[in-house]
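Please read the structure below before turning to the comments.
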Amino acid sequence: MEPVTLTTDRLLLRTVGPDDTEAVYRAAQDPDTQRWISQFPSPYLREHAEDFTGQMVPDGWACDSMYTLGLFLPGGELTGMLGITMRALGVGEVGFWAVREHRGRGYVTEATLAAARWAFTALSVDRLEWRAEVGNVASRAVAERAGFTVEGILRSGVDNKGVRRDCWVGSLLPSDLGLPSTAPYLPARI
């Protein structure tokens with residue numbers, strides 16, 4: 001798929017490329033980001049940012065496997081990153097992080113909602129999952145503000161730099177945002 005550009009009231013969500021390498025590299029130096037984002041090497045070197053913007057992001061779009069978007073202010077400043085990884089037919093998983101200076105302003109929640117609407121309508125996703133290592137309360141707060149239902153804890157559910165850790169898991173369905181689903185959904189009987 002060709003990369004898309006999404007807009008919100010305050011943000012431009014677009015793919016990142018080599019011109020964004022320096023901004024990604026600088027943002028990734030934050031110890032909290034390196035601690036909680038399991039895919040982040042630590043230390044995070046310039047070549048990691050170059051590989052991310054020059055190969056991983058374009059390959060994800062080209063293979064329809066991962067749709068990565070940078071979250072930018074109108075002036076072009078990077079405020080965070082968001083990706084939707086396809087896990088199964090109709091199931092995607094969202095992941096996100098915020099640049100330290102822009103945390104607590106609602107940018108990631110705003111972007112998550114825009115990306116979810118896009119995934120439900122353009123990708124035929126019927127279930128969007130979110131996972132975060134237990135203890136990552138900032139990520140959980142974003143997910144809950146975006147309308148995700150936290151479903152529980154997966155024991156040893158994530159690998160963070162070679163260590164298995166428990167994770168929270170949640171989901172967002174099209175109906176949670178007032179959108180139709182492409183597949184019928186019958187809630188469990190209690």
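The chain is numbered in sequence order, starting from 1.
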Where [X] and [Y] come nearest, the two heavy atoms and their spacing:
X    : Y    : answer
Q34  : S42  : OE1-OG, 2.7 Å
A27  : L78  : CB-CD2, 4.4 Å
P180 : P174 : O-CB, 3.6 Å
S171 : E151 : OG-OE2, 2.6 Å

Would a 4.5 Å heavy-atom cut-off, applied to side chains only, mark [X] and [Y] as touching?
X    : Y    : value
V125 : M86  : yes
W168 : I153 : yes
L173 : R127 : yes
R165 : V134 : no
T109 : F96  : no
V99  : Y107 : no

How far does [atom1] of [X] sit from [atom2] of [Y], to the nearest 0.5 angstrom?
X   : Y   : atom1 : atom2 : value
T79 : L13 : OG1   : CG    : 8.0 Å
I37 : W97 : CD1   : CH2   : 8.0 Å
R14 : L71 : CZ    : CG    : 10.5 Å

Basic-acidic side-chain contact under 4.0 Å: R10, E110:
yes
Does the distance from a Lys or Arg side-chain N to an Asp or Glu carboxylate O, for R35 and E133, drop under 4.0 Å?
yes
Who passes side chain to side chain donor-acceptor pair (under 3.5 Å) against S156, sequence neighbours left out?
R164
Please identify which of these residues, D19, T21, D20, meets the side-chain hydrogen bond (donor to acceptor under 3.5 Å, both in side chains) condition with T53.
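It is T21, the one option of D19, T21, D20 that forms the side-chain hydrogen bond (donor to acceptor under 3.5 Å, both in side chains) with T53.
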Results of side-chain contact (heavy atoms from CB on, under 4.5 Å) for A28 - residues two or more places apart only
F40, Y44
Between F148 and V142, does the side-chain contact (heavy atoms from CB on, under 4.5 Å) criterion hold? Intermediate values first, please.
CA-CA 9 Å; F148 281 76; V142 167; over 6 Å; no
Determine whether E22 and R46 satisfy the following criterion, side-chain contact (heavy atoms from CB on, under 4.5 Å), listing intermediate values before the conclusion.
CA-CA 8 Å; E22 185 59 32; R46 181 159 182 79; 2.5 Å; yes
Give the intermediate values and the outcome of side-chain contact (heavy atoms from CB on, under 4.5 Å) for residues R117 and L6.
CA-CA 10 Å; R117 285 186 184 91; L6 307 173; over 6 Å; no
Please check if any side-chain donor atom of W130 sits under 3.5 Å from a side-chain acceptor atom of S139, or the reverse.
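Yes, a side-chain donor-acceptor pair sits under 3.5 Å.
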Pairs under 3.5 angstrom only: tabulate donor-acceptor contacts from the side chains of residues 57-66 to other protein residues two or more places apart or in another chain.
unit_1: W61; atom_1: NE1; unit_2: T68; atom_2: O; d: 3.1
unit_1: D64; atom_1: OD1; unit_2: M1; atom_2: N; d: 3.0
unit_1: D64; atom_1: OD1; unit_2: Y67; atom_2: OH; d: 3.1

Any donor and acceptor pair, going by atom type alone, linking the side chain of D126 with main-chain N or O of T182 inside 3.5 Å?
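The answer is yes, because a donor-acceptor pair under 3.5 Å joins these two groups.
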Expected output: side-chain R103 to main-chain A98 donor-acceptor under 3.5 Å:
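Between the backbone of A98 and the side chain of R103 there is a qualifying donor-acceptor contact (under 3.5 Å).
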